[in-house]
Structure formats: C-alpha cells, structure tokens
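In what follows, a structure is listed as structure tokens, so that the remarks can point back to it.
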Number of protein chains: 2
Amino acid sequence: MTDINFSGMAAKPDSQGSDHPSSAAGPSDLRWDIIELLFFAYRDFVGDADQELEAFGFGRAHHRVIHFVTRYPGLKVADLLDVLRITKQSLGRVLKQLLDEGYIVQKTGNNDRRQRLLYATPKGEALVAKLAGLQTDRINRAVAGIDAEGVETVRQFLRAMIDRDDPDKVLEAIFGARKTKE
Amino acid sequence: MTDINFSGMAAKPDSQGSDHPSSAAGPSDLRWDIIELLFFAYRDFVGDADQELEAFGFGRAHHRVIHFVTRYPGLKVADLLDVLRITKQSLGRVLKQLLDEGYIVQKTGNNDRRQRLLYATPKGEALVAKLAGLQTDRINRAVAGIDAEGVETVRQFLRAMIDRDDPDKVLEAIFGARKTKE
DNA sequence: AATTTATGTCAGTCATATTGACGTATCTTG
DNA sequence: CAAGATACGTCAATATGACTGACATAAATT
C-alpha cells in the first residue's frame, strides 16, 4: 500500500517567486523547511493541551483566555482582545463560560469603574499550570540537546518573528520595551 | 488611559504545578516565556498569509491544502488527511473549491486507479509561492542577527518539537527517516 | 465472488470566529 | 452640568472549519 512516488521529492516551485525580494539568502530562496517545521511544531505543541481541554469541555479559545488571565492578573477585557486578536463578541461566550464555571473572577477597576479586571481563581490557575506543564515537557524534550546559548538563540528567533509595531500590553510586558508612544 | 497595574508583573502560578515532573530544569519550572513566544510568533507568522488569502476568498484551510500539494506533488487525498489531521469531510469542501477554481488538478493513480493524486497548477503554485514569500520575508528578518550555526539550532529545536511516533508521509520526507515500520 | 480500500458525498452538529446594532454605566471634556 | 467618548455586555445573523455517522462507487485484493 501507499506506493506513492514519494521518494526524495519536495519539488520547489521557485519559478515565480520573484516579486518579493528575499533579503539575505539567494534569489527567490524560499525557506520551505522552516515554514513547514513551524507548522508541524505548532500543530503538535497545541495538540498537547487539546486532549486535556476536552476533559473539561473546553476548547483552544478557553485555553488562550485562561492562560493570559492567569499569567497577567488584572488584565482588562480590552487587553485580552488585543492579545487574542478576536472580537468582543467572540470573547464573550468563552469568557462567560470561564466566569460561570469559576475559573476566572472579575473585579471592578479602582481608578476606572467601567473596567472589569480579570483574575484567575485557584481552580483556573491549576488548569493553566497543568496545561503549561504538558507544553513545558515538550519544550524540555526539544531543548534537551541544545546548550544554554542555543536556547537563547531560539528565544531570539521567536522574539524576532513577532510583529513589534503597535504591540499590546502583554507583548510590552514580554519584551519589557515600553515604546515611547502615548 | 489604560492605567492598569501592568508594570513588571507576569505572576507565575507555580504553586500547583508539581504533578508533572519537569525533566531538566528545576522543580515546577514552567517555560512560560517560550510558550508565549511560540503563541505570538505563530500568530503573526500565519497572519502574513491570512491577509493575502482574503483577497482570494480563501482561508487558512485552503492555504494548508494548496501548500502541501504544491510542495509534495502527487500527494494522495489520504496523505493529506494524515498531514492536516482533519477528516475527509472537512477536507472535501476546501479541496473541491481549489479544484473548481483551478488551483489543483487530480490525476488517477497509475498503479492504483482508485487514487486521486493531487497536483498544483501553475496558478496554484503562484499563490503558494506568493504566500511562502511573505512568510520567508518574516523568517529572513528573524534570522538576520543569527549566524548559520544558530539557524541550524533553531531548526533542531523545531524538529524536536514535532511528534515522531507514527509520522505521516510528509514528515518522513522532511526528516528523511524512513522508520522500519510496515 | 466477497471483501477491503480509496474516495466522494449527504445530513446534521459544534466551536469559533465574524459584522452590525444597540444599551448602559462611567469617565472626560467643553 | 450637558455632551460625548469609552468600556463593556448583548442580541441577531452569518461564515468557516471542524466533527460524527452513514452510505455509495469504483477498483484492488483475497
């Protein structure tokens, strides 16, 4: 079975890739390998959490919300929308579920009573820690053969892959760079 | 505005993360930084293509299909299902659109006439090259300050993040490892 | 001839996302 | 203080991309 002509292939359609000046490497030198490695790496990375989430009746959307609320306590709804890049309406249902089931609590802002600051409950933190544990295990396996300097290179690469124009609050916290812009 | 208590925070809920023995680092030492860098890096990485795809009336599902068909000509439908980890029914509509609009053609298998081998048309290849160009530009920017050895470390990390048990045909092609298993 | 395999399709459902409109409480500004 | 802007919530309708389950067909295998 599976007698496909699949030996040493991966034909590269470089023919018409000339309208985007690839900066450093060669002419129309597309980085197919890294593109696909990113796809598979992320697919399996999020897959770890997916299985666990099923047991809770949650999906990836819930994970993203509870993760960032746990990590950045006091996050506003508007901040969360910036980070997740979704609309208020999409967030609404997921957030409501997490509130109703006691994974997140809201507190009215002190300075601005319109704001609903979000905090994870111990229950929510436990779930996030469990999921982060699974993902950490995968990361630890991945960096097992890489020295400290190499891991820093990986971090540098990932940081440089992220858009820095108009960063949201979480990104500002991650990068520590408070752009003079407001 | 946005006067949130957001200065040097990122509280780490390490308290209950003790039921997953983190292999190498410390006890309950979760890799929050890499977890979040992966999230943002992938978010922006796929975001590049999303904008372009909108102009064609396509979504991410179309991109994934046409990408792998372009890269691995002669892919069978069943192979594609393994790679994308979706069901036949989900693939159906997306694949039909790409066929109808002339981005992909089917050819009956030579050895097995039940198979529909998938090939990208020039039109399909052009779209894939355009999208890969955008993503390559981002990757090139990201590795601008990293030497060849460092880039190889990044590749090593990404490869090690991928599940290797029961790899599909595309992964076998990427890793070149044909596991003695069939 | 019977079975398995590769593919396609129909029908229904679910999760997550969208846009647009509207309401309400609250803060800011003229 | 009145007017407007802001933060948030919600209602309605819709789209995408996924799912399960069932069934059909052609072709290969046994």
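Quick note on labels: first sequence line is chain A, next is B, and so on, each numbered from 1.
- The shortest side-chain heavy-atom distance between A:N110 and A:L117 does not fall under the 4.5 Å cut-off.
- A salt bridge links A:R85 and B:D44; the closest N-O separation between the charged side-chain nitrogens and carboxylate oxygens is under 4.0 Å.
- Under a cut-off of 6.0 angstrom, the local environment of NZ in B:K123 is crowded, with over 12 non-hydrogen atoms contributed by other residues, nucleotides or ligands.
- When the C1' atom of D:dT6 is taken as reference, atom CG of A:N111 falls 15 Å away, rounded to whole Å.
- Atom OH of B:Y103 is separated from atom CZ of B:F58 by 4.5 Å, given to the nearest 0.5 angstrom.
- Between the A:D79 side chain and the A:K76 main chain, a donor and an acceptor come within less than 3.5 Å of each other.
- Here D:dG17 presents its C1' atom at 11 Å from CZ of A:R60, a figure rounded to the nearest Å.
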Can B:F68 and B:K169 be said to form a side-chain contact (heavy atoms from CB on, under 4.5 Å), step by step? CA-CA 11 Å; B:F68 284 109; B:K169 296 228 164 294; over 6 Å; no
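- Distance CG (A:D50) to P (C:dT16): 10 Å, rounded to an integer number of Å.
- Using a 4.0 Å cut-off, some side-chain N or O of B:R113 falls inside it from OP1 or OP2 of D:dA27.
- As a whole-Å value, the separation of A:R43 CZ from D:dA18 C1' is 16 Å.
- Atom-to-atom, NE2 of B:H63 to P of D:dT16 comes out at 18 Å; the value is rounded to the nearest Å.
- Of all heavy-atom pairs spanning A:T136 and B:I35, the tightest one is OG1-CD1, 3.9 Å.
- Residue whose closest nucleotide on DNA chain C sits further toward the 5' end, between A:R116 and A:R64: A:R64.
- Residue A:R114 places a side-chain atom within donor-acceptor reach of the base of D:dT6, judged by atom type and a 3.5 Å distance cut-off alone.
- For B:D79 and C:dT5, the CG to C1' distance is 14 Å, given to the nearest whole Å.
- Across D:dG17, C:dT7, C:dA17, the shortest atom-to-atom separation from the side chain of A:A61 is found for C:dA17.
- Atom pair B:Q115:CD and C:dG8:P shows a separation of 11 Å (rounding to whole Å applied).
- In the region residues 82-108 of chain B, proximity to DNA chain D at under 4.0 angstrom, judged on heavy atoms, holds for B:R85, B:I86, B:T87, B:Q89, B:S90, B:R93.
- The separation between B:D112 atom CG and D:dT29 atom P is 7 Å, rounded to whole Å.
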